[in-house]
Amino acid sequence: MKGLILKDFYNLGRQNKVILAAIAFYLIFSLANKDSSFFGGMLTFLMVMQTMTAMAYDEKSKWDRYALAMPVSRTDMVLSKYILGVILLVIAFAANLIFMVATGTEPVMALNVSLVMAGIGLFSILVTLPVLFKFGMEKGRYIIMLIFLIPTVIGFLGPKMGLKMPDESFMRLLPVLGLLILIISGIVSVSISLAVYKRKEM
Amino acid sequence: MSEALKLVNVSKHYRDFSLNRINFSLPTGCIMGFIGENGAGKTTTIKLILDLIKRDEGSIFVLGRDNLTDLKSVKENIGVVMEDSFFPENLTAANINRILKGIYRTWNEKSFDSYLKQLSIPANKPIKEYSKGMKMKLSIAAALSHDSKLLILDEPTNGLDPVIRDEILDVFLEFIQDESHSIFISSHIISDLEKICDYITFIHKGSIIFSESKDDLLEKYGVLKCPEKDFSGIDSDAVIGYRKNSFGIEALVLRNRIRGNFVIDRAGIEDIMLFYTVRSKGKQMS
């Protein structure tokens, strides 16, 4: 398992110049516009993308066929991608927290915002991984775009159709609700991915 | 354990192709060559052995263990080399070393380094810049650098020049010096197999035509040459397949069933394979 995640980091690390440039850009943009959440949001988004990119690299080199001939189970192969996603999100979370506090955001507020972003990032990964395991990158790409269209459309059309922002009592429930959603989605996502991958013919 | 690999009544059905009740076994300490035309089922068989695809019927035992129940621990002792290199192309041999160290319990870094040197593989060049031969040598170095008892090789020498092929065959022969080591190798390059194999298994259209010791095969069969008019006098049970040429008839025969004075030459493994294939097309090749 350790070797699998190391392989993903080696693959992703090959793009390190581009990634560093992107991060630098987000940083500068955020500072220039005094929008501390831009950096965190984009960094989280980047980490979600990188998890998908790791799967794309595997697909390109037909790594799975070779890896399964080694002492690696199909369960290991699936879990390693989830673990990779979590590691990347933790990095984004830490970077975001530090950035927000360093630019003057009140620590508790910074913690909350960072947690929410990491939570949304995690939810995105939980949704996309089973799709990629089932359909691969080519078909999966379009399905994922469609899936992410839904919240975008709701966010856009919602206010026009009279959807109001939830009131304060609901907002207080949000963390617990959010955690619950993440746990349930996590269980569902991993179960689906495992079921799909165990039956896949290589 | 007497058999490194054993397949019993293994079948796999696709829409337009089936593997039909494959049976063969590889005794420990030996090298078995797996031959057949393109599309005969060689890669399918290997994928079934590694449980990369699910079989519809039968049992497979790798190093004595059922490949469905205990495969993860058995894989510590299997070295696999397939025709395409599946290492991510941006990685270097040094990266591969660290990755495999984190996967194989018995990974031997010194061994890997020494194979890299022996096979002239650079440690820090990305794999996408390797030649085909180098990619293959890297896969082989990896397959040999942990506690491998069985090597499973799917057309490892395809597209390689004779010098590299010889280098690689030497590495295999060195591997087999240990009596507990075995090799299962599928290949089109029959001359390579004739050099190193103890057993030959021939698969054709999803069925095993024969699985026998190479020496037995070379002793049993011969290529008989005679004028066309003499051919009808030969017992047809003795003939596996034949073809006409400008001198007369060339036929693969079972030596011990031929009576009379005929010119019978040595049959190579390639001859045996070709004539068996002719046979399945109706005994005559034009």
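For the numbers below, each heavy atom of this structure counts, side chains included, while hydrogens, waters and symmetry mates do not. Order of the sequence lines fixes the chain letters, A, B, ..., with proteins taken first and strands second; residue numbering starts at 1 for each chain.
Under the 3.5 Å distance criterion, with hydrogens and angles disregarded, no donor-acceptor pair is assigned to the side chains of A:Asn11 and B:Asn90. Using modelled atom types and a 3.5 Å distance limit, the side chains of B:Ser11 and B:Asp56 yield no donor-acceptor pair.
Neither the backbone nor the side chain of B:Asn77 comes within contact range of chain A; no heavy atoms are under 4.5 Å apart. Within the 4.5 angstrom heavy-atom criterion, only side-chain atoms of A:Lys60, from C-beta onward, approach chain B. Of the two parts of B:Ala142, only the side chain, counted from C-beta on, holds a non-hydrogen atom closer than 4.5 Å to a non-hydrogen atom of chain A. Both the backbone and the side chain of B:Lys54 come within less than 4.5 Å of a heavy atom in chain A. Using a 4.5 Å cut-off between heavy atoms, A:Ile5 makes no contact with chain B at all. Interface remark: A:Tyr57 contributes side-chain atoms only to the contact with chain B (heavy atom separation under 4.5 Å). Contacts between A:Arg65 and chain B at a heavy-atom distance below 4.5 Å involve backbone atoms as well as side-chain atoms. Neither the backbone nor the side chain of A:Asp58 comes within contact range of chain B, judged by heavy atoms closer than 4.5 Å.
For a heavy-atom cut-off of 4.5 Å, chain A lies close to B:Leu91, B:Thr92, B:Asn95, B:Arg98, B:Ile99, B:Leu100, B:Gly102, B:Ile103, B:Tyr104 in residues 91-110 of chain B.
In this structure, A:Phe39 has its ring center under 6.0 Å from that of A:Phe99. Under the 6.0 Å cut-off for aromatic ring centres, B:Tyr199 and B:Phe34 do not qualify, their centroids lying 6.0 Å or more apart.
Options A:Arg199, A:Lys200, A:Arg74 differ in how many heavy-atom pairs under 4.5 Å they form with chain B, and the most are formed by A:Arg74. Your options are A:Ala69, A:Gly13, A:Ala67, and the one with the most heavy-atom pairs under 4.5 Å with chain B is A:Ala69. When each of B:His146, B:Glu89, B:Glu76 is checked for heavy-atom pairs under 4.5 Å with chain A, B:Glu76 comes out on top.
The aromatic rings of B:Phe24 and B:Phe184 lie parallel to each other, with less than 30° between the two planes, well short of the 60° mark.
Side-chain contact between B:Leu151 and B:Val81 is absent, with no heavy-atom pair separated by less than 4.5 Å. Looking at heavy atoms from C-beta onward, B:Val10 lies out of side-chain contact with B:Arg21 at the 4.5 angstrom threshold.
In this structure, B:Glu129 places its CD atom where more than 12 heavy-atom neighbours from other residues, nucleotides or ligands lie under 6.0 Å away. Dense packing is recorded around CZ of A:Phe9, with more than 12 heavy atoms of other residues, nucleotides or ligands lying under 6.0 Å away. The local environment of CD in A:Glu201 is crowded, with over 12 non-hydrogen atoms from other residues, nucleotides or ligands closer than 6.0 Å.
For the pair A:Lys139 and A:Tyr142, the cation-pi test (distance below 6.0 Å, angle within 45°) is failed.
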